[in-house]
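Remarks on the structure that follows.
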4 protein chains.
Amino acid sequence: MAAPPVVAPRKRPAQGRARQTVAAILEGAARILETEGLEGFNTNAVAGAAGVSVGSLYQYFPGKDAIMAGLIRREAQAFRERLDEAARAASGPPLAEAIAVLAATAVAHQAARPRLARILDFEERRLGLSGEAEDADAGVAAILSAFLAERGFSGPNAAGDAMHIARGLIDGALERGAVEDLERRVAAAVLGYLQLMSAAPGQEAPSPSPAERV
Amino acid sequence: MAAPPVVAPRKRPAQGRARQTVAAILEGAARILETEGLEGFNTNAVAGAAGVSVGSLYQYFPGKDAIMAGLIRREAQAFRERLDEAARAASGPPLAEAIAVLAATAVAHQAARPRLARILDFEERRLGLSGEAEDADAGVAAILSAFLAERGFSGPNAAGDAMHIARGLIDGALERGAVEDLERRVAAAVLGYLQLMSAAPGQEAPSPSPAERV
Amino acid sequence: MAAPPVVAPRKRPAQGRARQTVAAILEGAARILETEGLEGFNTNAVAGAAGVSVGSLYQYFPGKDAIMAGLIRREAQAFRERLDEAARAASGPPLAEAIAVLAATAVAHQAARPRLARILDFEERRLGLSGEAEDADAGVAAILSAFLAERGFSGPNAAGDAMHIARGLIDGALERGAVEDLERRVAAAVLGYLQLMSAAPGQEAPSPSPAERV
Amino acid sequence: MAAPPVVAPRKRPAQGRARQTVAAILEGAARILETEGLEGFNTNAVAGAAGVSVGSLYQYFPGKDAIMAGLIRREAQAFRERLDEAARAASGPPLAEAIAVLAATAVAHQAARPRLARILDFEERRLGLSGEAEDADAGVAAILSAFLAERGFSGPNAAGDAMHIARGLIDGALERGAVEDLERRVAAAVLGYLQLMSAAPGQEAPSPSPAERV
DNA sequence: CATGAATGAGCCTTCATTCAT
DNA sequence: AATGAATGAAGGCTCATTCAT
């Protein structure tokens, strides 16, 4: 059995310069992952890409995994913020339109740095970050959950399923280079899922009010 | 630039004993990935788990990556066979029922060894195996494509999207432990996607004949 | 076909400490070759003999062959310097005496660490270092060439042949333990060769001025 | 300290087929050394080049070094025979001519397979074969010694020195590609050495009778 | 005897981490 | 605080040798 990875940041970088250094390291890490993949992700490479020395890197992160975790948190927070904003904007329009907005947000996020997104998604599980309270996806799921609850979809899996449907579809499409009309395809997948689940007599979700249908 | 990984098998194990050894190595590799993850996947561990020496391992595989590739091929072929059978069984019934059969097949496959499935999926891209003509997902996509074409869904992305929707959903659900009613959720996601895409006036797919609707 | 060996040094050790480390590694390598031969020449042994860790070794040399190459360069330069000095000292006296001085230099160099000299000579060819412009033997040959040209021996092979005659004779003598009077034997071999080649009506060398004879 | 290498042949191959197998192995070894060098010289490669299995190889040779030793003996004997013949033919003519014949023999032998000759020469020392009574070079030296004694050169080093002078010169010339007129250069080196050594008032060799002078 | 699959010690190399400067 | 040289455990791979068939 391997010891659980150390992922806690070493210190709260309150000062401005320290904050900048941390940001530089995370961005260096992101760039390495994008260009070299998981294989090229080593502390020397990250330090080099960040323009700092390994020593400095260890000043701010207790180990390699902590850098990974920091990067995952950074990306998750960025996505959460964008999604939060999108969800607010989507609270008025009819369901189909609202879903389209959220789908577009997800596509935009993942398409910006596809290789990075995919690696972080994979690593997130290895690090067991999904268990953390202040977790990455937890925030995303919460936003989606709230959005869906408002619309009457309150099944226990609706938010999580929607998230993974979208993520899987987008990820696969980017890999294949099949990006045409991707937002619409994502929206169709999520919306189709929600409709069928609520239409069915199953135990999953209560029927939304008819007015909400597409 | 990293050199492309070596993934071709070293020799064709025609004899019985050799075939057994190769099988043992692949199963050893699978077990290591399941229990130790990608981090614990090293040639000594694989050889140990397979009950053979490292030397034997290198007799049949030119390197570490080739073992990974071999395992990916093995799993892909197994899935392809199961899916092929399911697709034949599903050629008669109405669409919804047919999709349910395929969904159940996918769930069964991925749930059998979830961690393994996820890691292989990730590694497949790193190794660039998806480019191979005779490869893993290509076969799966072909089966799906044929199935969908019969039903009138011939969009360029239908098969690929369906595959990734299902994979993403199943993978995420297994990770969260949200397995209740999973087959139905997968079927709903795929079916919902297909219906909405064909219903829309977009450029994606021609409307299937009305009789095919749900 | 084997890939050409990597022999370029990894970094230029400008600082004092680094220069010391590099020197220690080369001397460690020399000692291993002397005591254990080519068979015992492995990176761990070299690092151990040098009193550094393998990691440090790889900090300065990109691989095993580069250490060998570094050692070859070190020895070649040392010999070149001694020979250069000897050649200057030998520019005045009559030919026989001058040759004796050079022969003594060669004997002294090779007898100091005979096993090392022999192994380096062998390895130099494997590494293909003799092709380098600025290299090992090139310098030695150039010095000899200049010396011989001054004396009127300008055949295309005079310098190279003299070098190899001396090297072969010294090497063989040291191996047999037949060191008595070795300098004189070497001088005789070289001088005898030069005289006969210039005396002959062949196409090799122009006759030196009569005053230069013996 | 390393154990002394095992070089004794495993059994006297009396039968015809066995003798053929041994010959095949030695020739396979020779070809590997010529094409791949010492680095590519491994038992599998040799067995492959010889067209036999590793198992058979170990049937006739107790280990890798024994193959090397066997090859060294084979080449030494072949050279000895040629040289012996040449020495007989050279017993009549004047010294210069006789030396020319021997030099040509040496050049022919070494030029036939230069890389092989050089590697065997190097390995011969590692294996400590020169100590053996029935040794490789011993025979060659004996032939030369007899030849030189007949001519009045009986110094203790004459034969050995002549051999190494010739070997070094030929080897170096082949390496540089400077083969023009090589026989004459070799003859000049050897003859020049002998003349000067006997002319000198030193302790090395008695003056040969004046009639023998070139 | 021949075969060649299997073995595993040993060697090359990388990289996370420390620490003297 | 920052630097980057040094460390050494860990892991990929080769190849001499054995032995079951």
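In what follows, every chain begins at residue 1, and chains take the letters A, B, ... in the order their sequences are listed.
For Asn44(A), taking side-chain heavy atoms from C-beta onward, the closest of the listed nucleotides dA16(E), dC13(F), dA2(E) is dA16(E). Across dT3(F), dA5(F), dA9(F), the shortest atom-to-atom separation from the side chain of Ser53(A) is found for dT3(F). Considering only side-chain atoms of Tyr58(A), the nucleotide from dT17(E), dA6(F), dA6(E) that sits closest is dT17(E). Residue Asn42(D) places its side chain closer to dA16(F) than to any other of dA6(F), dA9(E), dA16(F). The side chain of Lys64(D) has dA16(F) as its nearest neighbour among dT13(E), dA16(F), dG11(F). Checking dT18(F), dT3(F), dA5(F) against every side-chain atom of Ser56(A), the shortest atom distance belongs to dT3(F). Counting only heavy atoms from C-beta on, Val52(C) has its side chain closest to dT7(F) among dT17(E), dT7(F), dT14(F).
Of the side-chain N and O atoms in Arg17(D), none sit less than 4.0 angstrom from OP1 or OP2 of dC1(E). Between Thr21(B) and dA6(E) there is a side-chain polar atom (N or O) within less than 4.0 angstrom of OP1 or OP2. Dashed line: the shortest gap from a side-chain N or O of Thr43(B) to OP1 or OP2 of dG12(F) is under 4.0 Å.
Using a cutoff of 4.0 Å between basic side-chain nitrogens and carboxylate oxygens, Arg31(D) and Glu36(D) are not scored as salt-bridged. Remark: Arg118(B) does not engage Glu123(A) in a salt bridge, criterion side-chain N to carboxylate O under 4.0 Å.
Rounded to whole Å, the distance from OH on Tyr60(C) to P on dT7(F) is 10 Å. Separating the CG atom of Asp65(B) from the C1' atom of dG11(F) is a distance of 14 Å, rounded to the nearest angstrom. To the nearest angstrom, P of dT17(F) lies 11 Å from CZ of Phe41(D). Computed from coordinates, the Met68(B) CE to dG12(F) P distance equals 13 Å when rounded to whole Å. Rounding to whole angstrom units, CD of residue Gln59(D) and P of dT18(F) are separated by 12 Å. Look at CD1 on Ile25(D): it is 13 Å from C1' on dC1(E), rounded to the nearest Å. We find that CG of Leu38(C) is positioned 13 Å from P of dC11(E), with the value rounded to whole Å. Distance Glu39(B) CD to dC15(E) C1': 14 Å, rounded to the nearest Å.
Taking the nucleotide of DNA chain F with the nearest heavy atom to each of Leu57(A) and Pro62(B), the more 5' of the two is matched to Leu57(A). Residues Gly55(B) and Val54(C) each lie close to DNA chain E; by heavy-atom proximity, the contact nearer the 5' end of the strand is made by Gly55(B).
Listed by first and then second residue, the salt bridge (Lys or Arg N to Asp or Glu O under 4.0 Å) pairs that reach into residues 46-70 of chain D are Asp65(D)-Arg126(D), sequence neighbours excluded. Residue pairs meeting the salt bridge (Lys or Arg N to Asp or Glu O under 4.0 Å) criterion with at least one partner in residues 49-62 of chain B, sequence neighbours excluded, do not occur; the list is empty.
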(request) Take Leu120(D) and Glu124(D) through the test side-chain contact (heavy atoms from CB on, under 4.5 Å) and record every step on the way to the result. (result) CA-CA 6 Å; Leu120(D) 294 184; Glu124(D) 185 178 341; over 6 Å; no

(request) Go through the steps to decide whether Asp121(A) and Phe122(B) satisfy the test side-chain contact (heavy atoms from CB on, under 4.5 Å), and finish with yes or no. (result) CA-CA 10 Å; Asp121(A) 187 33; Phe122(B) 184 76; over 6 Å; no

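Rounded to the nearest 0.5 angstrom, Ile32(C) CD1 and Phe41(C) CZ are separated by 8.5 Å.
Helical stems in DNA chain F, defined as runs of 3 or more consecutive Watson-Crick or G-U wobble pairs with donor-acceptor distances under 3.5 Å: E:2-21 with F:2-21.
Across every non-hydrogen atom of Arg74(A) and Ala30(A), the tightest pair is NH2-CB, 3.9 Å.
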